[in-house]
Amino acid sequence: MAVEVCDAVLGDAVRRQVAAYDERFLQGLREAQQRAMGTENADAQAKAFGKRDATGVEAVHDTMPTERAVLTRLLAEAAAAAASDDDEGAAAAAAGPVNVLDFGCGDGRYLRQYLRSAASLQESCGRELRVVAYEVSVEALRSFHFNALQAGLSLCSASTGASGLQPDLASLSGNHLHLDFVLGSAETSSEAVGQMLQTWRGSRAFDVAVIGWGTMSSIPRLPHLSPDAFLAVLAMLSRRVMNVASTTNNHIRFQGECEARRCAYAETTRPEVREWLRPKIGLANFPLSYYYKVDTGQLMFYAAITADSELARLKQAGYSDVNLHICNVINFFDIQTKPRAARINAAVITLLERGDAWGAQLLLSRAVAKAFGRPQSSLRSGSCIFDGSSKHAVFDQVARYFISTGYSEVVDEEKSRKRPLSDA
């Protein structure tokens with residue numbers, strides 16, 4: 001159920017969230033700087049950092065194989081589409097960079113993938129990759145900027161970056177990759193954010209909008225902004241979207257606690273109890289929203305979504321040909337650091353997306369039998385552990401994160417209006 005919380009409480013909660021992100025990203029930046037100077041053991045740091053959040057997101061600084069495959073496909077489509085486009089400026093577009101908007105870029109978790117993609121685009125079609133990195137945490141942008149410099153990119157001349165507000169976040173380029181850094185505000189409306197990003201996209205739409213791990217999941221529902229509102233804005237800015245959203249299979253205990261608070265608020269008629277509950281509910285005032293606690297004791301806002309709801313909100317925002325994939329069934333950190341876990345994760349996803357639930361069950365049974373030294377016959381079952389009632393039912397059951405993709409109908413309509421009548 002939804003709970004009405006006053007604007008003042010919500011505003012304070014938003015500012016605390018941004019401050020918490022700044023603090024955590026600043027800590028990560030300092031650790032990265034120490035590693036660069038050789039004053040900290042990288043393996044020890046990585047193990048410690050891997051415990052900071054329950055889904056393993058903060059410890060990972062590269063894409064999952066599933067994300068890599070989807071983004072590579074979208075970028076290849078963008079490059080091919082520009083080369084065959086028949087609207088004005090097509091020749092210039094085909095020779096120019098492939099433009100990506102990294103919405104909620106964090107500390108640059110996609111940087112390594114962008115470097116790989118830039119090299120691939122240069123080799124396949126002579127195109128470069130331009131990424132506009134948007135974020136509301138200045139410390140996240142500073143960390144991204146530092147990591148990019150460490151990766152070999154250089155400062156661009158005559159560029160201030162960060163929408164002119166942060167001279168220490170000047171644009172970077174190198175290795176066929178160009179990075180622009182744009183600092184936003186969590187208190188700015190989705191419409192105003194769209195207007196600001198419009199100036200960065202230039203005369204043509206972004207080719208791909210990348211919404212990384214949990215960006216939409218960490219955006220609350222406020223009068224001036226919401227995940228749905230941002231998706232609609234992005235549909236006007238970019239031809240393609242890739243969104244990685246958190247499912248109901250993360251932070252289950254915290255989800256239950258926050259749902260209990262919302263239920264208690266609905267059931268009580270005592271004003272003093274509701275007044276006590278409102279700040280505890282905070283931003284988690286709608287179904288499947290919650291706060292989870294990290295190692296520092298900070299409470300971080302998050303929201304889960306089901307497969308059907310994810311598909312529905314992309315369609316409502318103005319995307320067509322919407323598709324959903326399983327991003328991972330195992331913790332991100334384990335996938336990156338444990339090769340066996342990565343292989344199991346990939347194999348289970350392949351089988352389930354193919355519709356082979358029994359094959360996935362057999363694979364897991366063999367893995368369990370081997371891990372515990374038990375005969376596989378002892379794990380036989382007459383029923384399938386996976387919900388086969390629909391494709392999306394099993395996605396909801398096993399996925400930790402979804403990857404959704406779509407193609408903007410809004411941008412296509414805008415392009416059609418600009419065509420000469422003779423081409424219509």
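What's counted below: heavy atoms across the whole structure, side chains too, no hydrogens, waters or symmetry copies.
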Exercise. Would you call R313 and D308 a salt bridge, using N to O less than 4.0 angstrom?
Worked result: no
Problem set entry | Spacing of CG belonging to L101 relative to CG belonging to D207, to within rounding of 0.5 Å | 11.0 Å
Problem set entry | Polar contact flag, side-chain donor to acceptor under 3.5 angstrom, S117-S120 | no
For this session: Output, in order, the C-alpha distance, side-chain angles, deciding distance and verdict of side-chain hydrogen bond (donor to acceptor under 3.5 Å, both in side chains) for R240 and Y319.
Result: CA-CA 8 Å; R240 302 163 187 81; Y319 294 101; over 6 Å; no
For this session: Working to the nearest 0.5 Å, report the span between CG of L129 and CG of L115.
Result: 9.0 Å
For this session: May I have the step-by-step check of side chain to side chain contact (heavy atoms under 4.5 Å, CB included) for R130 and V132, ending in yes or no?
Result: CA-CA 7 Å; R130 175 191 178 231; V132 174; 3.5 Å; yes
Exercise. What pairs with F144 under ring-ring contact (aromatic ring centres under 6.0 Å, His included), at least two apart in sequence or on another chain?
Worked result: F181
Exercise. Does F206 have R201 sitting over its ring (NZ/CZ under 6.0 Å from centre, angle to axis within 45°)?
Worked result: no
Problem set entry | Minimum heavy-atom distance between S217 and S246, given as atom pair plus value | OG-N, 3.1 Å
Exercise. Does E135 use its side chain to pair, donor to acceptor, with the backbone of G184 at less than 3.5 Å?
Worked result: no
For this session: Could you walk me through whether E128 and L121 pass side chain to side chain contact (heavy atoms under 4.5 Å, CB included), step by step?
Result: CA-CA 6 Å; E128 298 202 338; L121 287 169; over 6 Å; no
Problem set entry | Short side-chain donor-acceptor distance under 3.5 Å, H178 and D180 | yes
For this session: With side chain to side chain contact (heavy atoms under 4.5 Å, CB included) as the test, would you mind laying out the steps for H392 and L311 before giving the verdict?
Result: CA-CA 10 Å; H392 291 158; L311 291 172; 2.9 Å; yes
Exercise. Is the distance between the ring centroids of W213 and F332 less than 6.0 Å?
Worked result: yes
Exercise. Taking side chain as C-beta onward, heavy atoms only, is Y401 less than 4.5 Å from M64?
Worked result: no
Exercise. Is a side-chain N or O of Y302 found less than 3.5 angstrom from the main chain of N250, in a donor-acceptor match?
Worked result: no
Exercise. Heavy-atom distance under 4.5 Å between the side chains of F146 and L29, does that happen here?
Worked result: yes
Problem set entry | Neighbour count above 12 (heavy atom, 6.0 Å) for Q198 CD | yes
Problem set entry | Enclosure of Q316 CD (heavy-atom neighbours >12, cutoff 6.0 Å) | no
Seminar exercise, completed: Rounded to the nearest 0.5 angstrom, the SG-CD distance for C327 and E67 is 4.5 Å
Exercise. Could you walk me through whether Y407 and L74 pass the side chain to side chain contact (heavy atoms under 4.5 Å, CB included) check?
Worked result: CA-CA 10 Å; Y407 299 83; L74 292 177; 3.8 Å; yes
Exercise. Do any N or O atoms from the side chain of Y134 and from the backbone of L183 form a donor-acceptor pair under 3.5 angstrom?
Worked result: no
Exercise. Does N249 use its side chain to pair, donor to acceptor, with the backbone of D396 at less than 3.5 Å?
Worked result: yes
Exercise. When you check the side-chain N and O atoms of Q255 and Y292, is any donor under 3.5 Å from an acceptor?
Worked result: no
Anything under 3.5 Å between a donor and an acceptor, one on a side chain of residues 224-234, the other on a protein residue two or more places apart or in another chain? List them.
from, atom 1, to, atom 2, distance (Å)
S226, OG, A229, N, 3.1

For this session: Flag the pair L222 / V14 as yes when at least one side-chain heavy-atom distance between them is below 4.5 Å, and no otherwise.
Result: yes
Problem set entry | Closest non-hydrogen atom pair between I281 and Y291, with its separation | O-CE1, 3.4 Å
Exercise. Checking side-chain hydrogen bond (donor to acceptor under 3.5 Å, both in side chains) for the pair Q33/R30: CA distance, chi angles, key distance, verdict?
Worked result: CA-CA 5 Å; Q33 291 169 336; R30 288 171 175 166; over 6 Å; no
Show which side-chain atoms of residues 342-355 pair as donor or acceptor with protein atoms under 3.5 Å away, not counting sequence neighbours.
from, atom 1, to, atom 2, distance (Å)
N345, OD1, V329, N, 2.8
N345, OD1, I330, N, 3.3
T350, OG1, A346, O, 2.9
E353, OE2, I326, N, 2.7

For this session: Could you tell me whether the side chain of N147 and the main chain of D107 form a donor-acceptor pair under 3.5 Å?
Result: yes
Exercise. Going by the salt bridge (Lys or Arg N to Asp or Glu O under 4.0 Å) test, which pairs reach into residues 316-335, not counting sequence neighbours?
Worked result: D334-K338
Exercise. How about R24 and Q27: does a side-chain donor come under 3.5 Å of a side-chain acceptor?
Worked result: no
Exercise. Considering residues at least two apart in sequence or located in another chain, which fulfil the ring-ring contact (aromatic ring centres under 6.0 Å, His included) criterion with Y290?
Worked result: H251
Exercise. Regarding S137 and D22, is there a side-chain donor-to-acceptor distance under 3.5 Å anywhere?
Worked result: yes
Problem set entry | Exercise: do N328 and R400 side chains pair donor with acceptor under 3.5 Å | no
Exercise. Looking only at atom types and distance, does a side-chain atom of R127 sit under 3.5 Å from a main-chain N or O of G96, one as donor and one as acceptor?
Worked result: yes
Problem set entry | Reported OG1-to-CD distance for the pair T248 and Q397, which is rounded to 0.5 angstrom | 10.0 Å
Seminar exercise, completed: Heavy atoms of F103 and M216 approach each other most closely as CE2-CE, 4.1 Å
Exercise. Hey, does R68 have a side-chain heavy atom less than 4.5 Å from the side chain of R116?
Worked result: yes
For this session: Nearest 0.5 Å please: distance from the CE atom of M242 over to the OG1 atom of T405.
Result: 9.5 Å
Exercise. Do we see a donor-acceptor contact under 3.5 Å between the side chains of Y110 and D62?
Worked result: no
Exercise. Taking the side chain from T247 and the backbone from A399, do they hold a donor-acceptor pair closer than 3.5 Å?
Worked result: yes
Exercise. Does the T72 side chain pair with the main chain of A69, one donor and one acceptor, at a distance under 3.5 Å?
Worked result: no
For this session: State, without any angle test, whether N175 and Q122 hold a side-chain donor-acceptor pair at a distance under 3.5 Å.
Result: no
For this session: Hey, could you give me the CD1/CG distance between I385 and L364, rounded to the nearest 0.5 Å?
Result: 5.5 Å
Seminar exercise, completed: R73 meets the salt bridge (charged side-chain N to carboxylate O under 4.0 Å, His left out) criterion, sequence neighbours left out, with E77
Exercise. Under 3.5 Å, is there a donor-acceptor pair between the side chain of Q17 and the main chain of F301?
Worked result: yes
Exercise. Is a side-chain donor or acceptor of R262 paired with a backbone partner of S289 at a separation under 3.5 angstrom?
Worked result: yes
